[in-house]
Structures are given as C-alpha cells and as structure tokens.
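As structure tokens, the structure follows; a few thoughts come after it.
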Amino acid sequence: MIRNIVNNTVFRVFTPLFYGVTMYILILLIFDRVEQLSENFFFIEVILNVTITYLLFEFLRLYILQVERRCPQNCSITNRIIIQGGGSLFISLILTSFVISLYFTKLVGFNTFRTELIVFNTVFLITSILYNMVYFSFFYLNRINVTQLEKEDILRKNVEIELDTFKNKINPDFLYDSLETLISISKKSLDEADAFILKLSEVYRNILSTKNSDLVDVENELKIARVLVELYNYKLNNKLYLNINEEILKKGISIVSGTFVVVVEDIVNRSIISEIQDLKINCSIDNDFIIISHSVQNKLIQVFSKQTEINHLQKAYRYYGKNSLSVHEDDHIRTYHIPFFKQEN
C-alpha cells in the first residue's frame with residue numbers, strides 16, 4: 001500500500017505545531033472576547049496545546065499501525081472504522097484528561113478545572129475525529145490507486161503477451177503465397193528462384209532475430225520492407241513501388257518490431273495492383289510520426305487479414321508512448337501514422 005500521510009515525517013513534525021496554536025486561539029475565543037486575546041495569550045499554554053497535539057497525533061498513529069497489523073485483510077471497512085474510531089476517541093479522552101489534570105494541579109495549582117477539562121476534551125475529541133477522517137480519505141485513495149495499478153499491470157502484461165505472440169507469429173498466408181510464387185519462378189529460372197529464396201529467408205531471419213526485441217531501429221525495418229516489396233514484385237511484375245524519404249534514416253529513431261511488414265502486407269492485401277495499375281507506397285516523416293501513404297485502389301472484396309495485427313500494434317504503441325498507430329483515408333489517399341521513439345545516445 002502507498003504510505004499514508006499520517007506516517008509522513010513532515011506531517012508528523014509540522015502539522016501538530018500549527019494545529020496546536022490554532023486550537024489554543026480557538027479555546028481562548030471560547031472563554032474570552034477577541035479584544036482580550038492579547039491580554040490572556042500565554043506562551044506556556046501554547047506549548048501545552050502543541051504538546052497535547054503532538055502526543056495525541058503520535059498515540060493515534062501508533063494505535064492505527066497496531067490496527068493495521070492486527071486487522072485482517074478481509075476485515076470490513078465498517079468494522080475498521082468502528083474499531084479505529086472508537087479506540088481513537090478513547091485515547092484522546094484519556095490522554096487529554098491526564099495532561100490537563102497534570103498541568104492544572106502540578107503547574108498552575110488549581111483544584112477545580114471542570115470547565116476547562118470539558119472544553120479541552122471536546123476540542124481534542126473533534127481533533128481525533130478529523131485525524132481519522134484524514135487517514136481514511138488517504139486510505140480510500142490508496143486503495144483506489146492500488147486497484148488502478150493492478151488493472152494497469154494486468155493490461156501491461158496482456159499487451160506484452162499479445163506483442164510477443166505478434167512478434168513470434170509467422171504469417172502462413174504470406175508463406176504459402178511465397179511458396180506458390182517460388183514454384184512458378186523455379187519453372188522459369190533457377191537463378192531467379194535462388195534469389196527469391198535468399199530474399200524470403202532474409203525476411204524470416206529478421207523475424208527470428210527481432211522476436212525478443214520490442215523496439216528496433218527504423219533502418220532495419222525499412223530494409224526488410226524493401227525486401228518484402230521485392231518479393232511481392234515477383235508476382236506483381238514490378239508494379240509495387242516503395243519510395244522512402246532518406247530524411248527518416250538521419251533521425252536515429254526506433255519503432256515497434258514488425259510494424260513495416262504488417263503495414264506493407266495490409267496495403268497489398270487491400271489494393272488492386274496490375275499491369276495497368278501500379279501502386280506507389282510513399283514513406284516520409286512528419287513531426288513525431290512516420291507517414292506511410294498510398295492511393296486508394298481497393299479490391300472489390302476487402303481482405304482484412306492484417307487488422308488483428310494492426311490492433312496489436314496500436315496497443316503496443318499506446319503501451320510505449322502517448323501516441324498510437326492510426327490509419328486515415330481521405331481524398332483517395334490512405335495514410336498510416338506511425339509514432340516513433342528517439343534513440344538514446
């Protein structure tokens with residue numbers, strides 16, 4: 001549990017001092033008029049009030065610590081309030097009566113101080129109630145914070161599990177499609193087939209090498225994106241283009257592993273690419289985002305096979321920073337906004 005304010009050193013040292021002086025002025029106002037305050041203000045009585053406040057706060061704090069240790073975790077809050085509140089009132093009554101009796105009989109020499117005793121007990125009974133109210137307000141706040149932190153921890157672990165699953169996942173559709181392309185190429189040229197296999201192995205080698213990395217250098221992601229485009233072009237007759245603004249490589253930035261692979265696959269899955277209609281994918285940088293855009297050439301039947309992976313990426317980016325990956329479509333242009341992270345030197 002987050003430390004309660006009643007155990008804070010600053011609170012324990014300074015609060016009784018200011019509170020004790022305030023209570024003394026309040027008690028004087030009970031017995032005297034405002035114009036008589038300067039006449040009846042005695043430093044020894046200020047010390048008395050501050051001393052009672054210090055003692056009361058410390059005794060209440062120690063009592064609350066004992067209640068925290070002995071009260072089981074499943075103890076209802078109602079029982080806790082009754083036990084702690086009742087004990088605090090009892091401590092306040094005994095402590096205040098003892099100190100006031102000692103002061104008036106031993107130091108002042110009064111034998112009759114019933115009115116003063118009632119006033120002091122009333123004031124410090126109210127003080128013990130206020131003290132417990134402060135404690136329970138922070139108690140509830142701490143409980144809410146702990147609950148929220150537990151929820152955030154569960155969400156974080158879920159995101160990590162989903163991200164690990166995403167990173168370790170080998171896309172079977174892409175693999176089968178690549179193998180079908182390889183069969184066709186092998187019948188045409190064994191040299192081209194060998195080149196295709198090398199590029200395909202480079203993609204999957206990259207997947208395996210970065211599966212334990214959450215964030216990777218953008219240059220590495222762009223390199224794999226280029227290879228991926230080359231693999232697609234074996235089937236698309238070089239009608240898929242990837243234009244990269246070299247300014248991206250000068251920034252020294254990182255993104256979530258596998259982002260570009262998912263985005264390129266998503267674009268290809270959605271778009272019509274043929275001999276008479278090529279597709280240009282443009283990659284640039286704008287403020288805190290990498291911008292990937294292309295003209296909308298939607299297939300009649302949309303293939304959303306990458307939507308699950310995009311959802312995983314969006315959760316991952318929200319986990320690592322304040323911005324998330326987003327996809328927008330307007331004026332016949334689809335744009336992917338990918339937040340990036342500055343690399344520490």
Side-chain angles (χ1 to χ4, degrees), residues 1-27 30 44-107 113 116-161 319:
M1 179 184 291
I2 303 171
R3 191 179 184 190
N4 200 292
I5 192 173
V6 298
N7 295 314
N8 183 278
T9 303
V10 175
F11 178 85
R12 292 169 57 192
V13 171
F14 292 103
T15 304
L17 177 62
F18 294 108
Y19 188 86
V21 173
T22 303
M23 286 302 100
Y24 176 64
I25 295 173
L26 177 62
I27 292 170
I30 293 174
I44 186 67
E45 292 180 350
V46 175
I47 294 176
L48 172 67
N49 276 271
V50 172
T51 301
I52 295 175
T53 306
Y54 267 113
L55 290 173
L56 181 60
F57 277 25
E58 282 303 300
F59 273 96
L60 291 178
R61 187 183 71 85
L62 293 173
Y63 174 68
I64 289 172
L65 289 176
Q66 290 300 316
V67 172
E68 286 181 345
R69 290 185 189 136
R70 297 179 181 275
C71 190
Q73 293 293 327
N74 59 354
C75 177
S76 69
I77 191 65
T78 304
N79 291 338
R80 178 73 180 272
I81 292 174
I82 293 172
I83 294 171
Q84 186 170 313
S88 298
L89 293 176
F90 178 76
I91 291 172
S92 173
L93 188 64
I94 297 299
L95 180 65
T96 305
S97 298
F98 174 76
V99 174
I100 293 300
S101 300
L102 190 67
Y103 172 76
F104 278 104
T105 56
K106 301 298 182 182
L107 295 179
F113 46 87
E116 289 82 356
L117 189 61
I118 292 173
V119 171
F120 273 92
N121 271 318
T122 301
V123 168
F124 285 103
L125 282 172
I126 295 172
T127 299
S128 68
I129 293 172
L130 293 175
Y131 187 92
N132 277 276
M133 288 175 65
V134 170
Y135 171 85
F136 279 110
S137 65
F138 277 87
F139 177 84
Y140 272 110
L141 180 61
N142 290 346
R143 177 173 287 188
I144 292 171
N145 288 340
V146 168
T147 302
Q148 190 64 34
L149 288 172
E150 290 174 349
K151 289 181 180 178
E152 290 293 333
D153 189 54
I154 292 171
L155 289 174
R156 178 183 61 81
K157 290 179 180 178
N158 288 339
V159 170
E160 288 177 350
I161 291 171
Y319 170 65

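The structure displayed is predicted, hence computed values, not measured ones. Counting from 1, the numbers follow the sequence of the chain as shown.
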Requested in this report: Mind listing the closest non-hydrogen atom pair of Ser88 and Asn132 along with its distance?
Outcome: OG-ND2, 3.0 Å

Report task. Supply the atom-to-atom distance Asn142 CG to Ser137 OG, rounded to the nearest 0.5 angstrom. Result -> 9.0 Å

Report task. State the OG1-CD1 distance between Thr96 and Ile91, to the nearest 0.5 angstrom. Result -> 11.0 Å

Query - Sole residue of Ile52, Thr51, Thr53 in side-chain contact (heavy atoms from CB on, under 4.5 Å) with Leu55 - result: Thr51

Report task. Compare every heavy atom of Leu89 with every heavy atom of Ser128, then report the nearest pair and how far apart it is. Result -> OG-CD2, 3.3 Å

**Report entry** Gap separating the CG atom of Asn121 from the CG atom of Leu95, nearest 0.5 angstrom
**Finding:** 9.5 Å

Query raised in the report: Can you name the side chain to side chain contact (heavy atoms under 4.5 Å, CB included) partners of Thr122, sequence neighbours left out?
Result: Ile118, Ile126

Report summary line: Here the gap from Leu117 atom CG to Leu93 atom CG, rounded to the nearest 0.5 Å, amounts to 8.0 Å

Query - Shortest non-hydrogen contact between Gln84 and Tyr63, atoms and distance - result: O-CE2, 3.5 Å

Query - Positive for ring pair (Phe, Tyr, Trp, His ring centres under 6.0 Å) with Tyr131, one of Phe138, Tyr19, Phe57 - result: Phe57

Query raised in the report: So do the side chains of Val21 and Val50 get within less than 4.5 Å of each other, counting heavy atoms only?
Result: yes

**Report entry** Which atom of Ile100 lies closest to which atom of Leu48, heavy atoms considered
**Finding:** CD1-CD2, 4.0 Å

Requested in this report: Describe, in one word, how the ring planes of Phe120 and Phe124 are oriented to each other, choosing from parallel (under 30°), tilted (30 to 60°) and perpendicular (over 60°).
Outcome: parallel

Query raised in the report: Are there more than 12 heavy atoms of other residues, nucleotides or ligands under 6.0 Å from atom CZ of Phe59?
Result: no

Requested in this report: Establish, for the pair Arg80 and Phe139, whether the NZ or CZ atom is under 6.0 angstrom from the six-membered ring centre and no further than 45 degrees off its axis.
Outcome: yes

Query raised in the report: Say you draw a straight line from CG of Leu125 to CG of Leu56; how long is it, rounded to the nearest 0.5 Å?
Result: 9.0 Å

